[in-house]
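Data block below; observations after.
All values below come from the heavy atoms of this structure, side chains included, with hydrogens, waters and symmetry mates left out. Fair warning: this is a prediction, and the values are worked out from it, not measured in the lab.
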Amino acid sequence: MLFKRTVKEKHIQAYFNDQIKAVKGAWHRKLSDRYQSNLPDNVVIYKGDTYWVELKAPGEEPRPGQIQVGKEIVAAGGFFLRYGAREYD
């Protein structure tokens with residue numbers, strides 16, 4: 001019997017953290033602000049560019065408010081990225 005492996009957002013966060021730590025010169029912070037909803041999960045600064053990164057588990061999509069914040073970030077000259085894992089068996 002085959003079981004579908006469940007990848008949770010915390011696993012994606014751990015993998016993302018490891019990947020960013022391996023990039024020399026990159027600065028990264030995990031964001032959490034209980035007063036401001038819809039902020040991306042992470043901010044990364046690399047070579048003068050700011051990347052706002054929203055992590056999602058397989059099958060999940062950003063909420064409308066997260067998409068709106070992403071559009072505002074892009075309009076202000078930043079980069080908004082969705083980072084996640086693909087579903088697999």
Requested in this report: Decide yes or no for Y83 and Y51: does some side-chain heavy atom of the first lie under 4.5 Å from some side-chain heavy atom of the second?
Outcome: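 Sidechains of Y51 and Y83: no contact.
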**Report entry** N17 vs Q13 side-chain heavy atoms within contact, under 4.5 Å
**Finding:** yes
Query - Ring centroid separation H28 to F16 under 6.0 Å - result: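 Ring centroids of H28 and F16 are less than 6.0 Å from each other.
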Query raised in the report: How many angstroms lie between CD1 in I20 and OH in Y15, if you round to the nearest 0.5 Å?
Result: 10.5 Å
Report task. Could you tell me the separation between the CD1 atom of I67 and the CD atom of E54, rounded to the nearest 0.5 Å? Result -> 10.0 Å
Query raised in the report: Near K71 NZ, under 6.0 Å, is it more than 12 heavy atoms from other residues, nucleotides or ligands?
Result: no
Return the minimal non-hydrogen interatomic distance between [X] and [Y], and the atom names on each side.
X	Y	result
A57	R82	O-NH2, 4.3 Å
P40	V53	CB-O, 3.7 Å
E9	D41	OE2-OD2, 3.4 Å

**Report entry** Between K56 and Q66, a side-chain donor and acceptor under 3.5 Å
**Finding:**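 Judged by distance alone, the side chains do pair up.
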Query raised in the report: Can a donor-acceptor pair be found between the side chains of N42 and R29 at a distance below 3.5 Å?
Result: no
Query raised in the report: Apart from L31 itself, which Ile, Leu, Val, Met, Phe, Trp or Tyr residues share its cluster (side-chain heavy atoms under 4.5 Å, direct or through members)?
Result: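 For the cluster that includes L31, the remaining residues are W27, V43, I45, W52, V69, I73, V74, F80.
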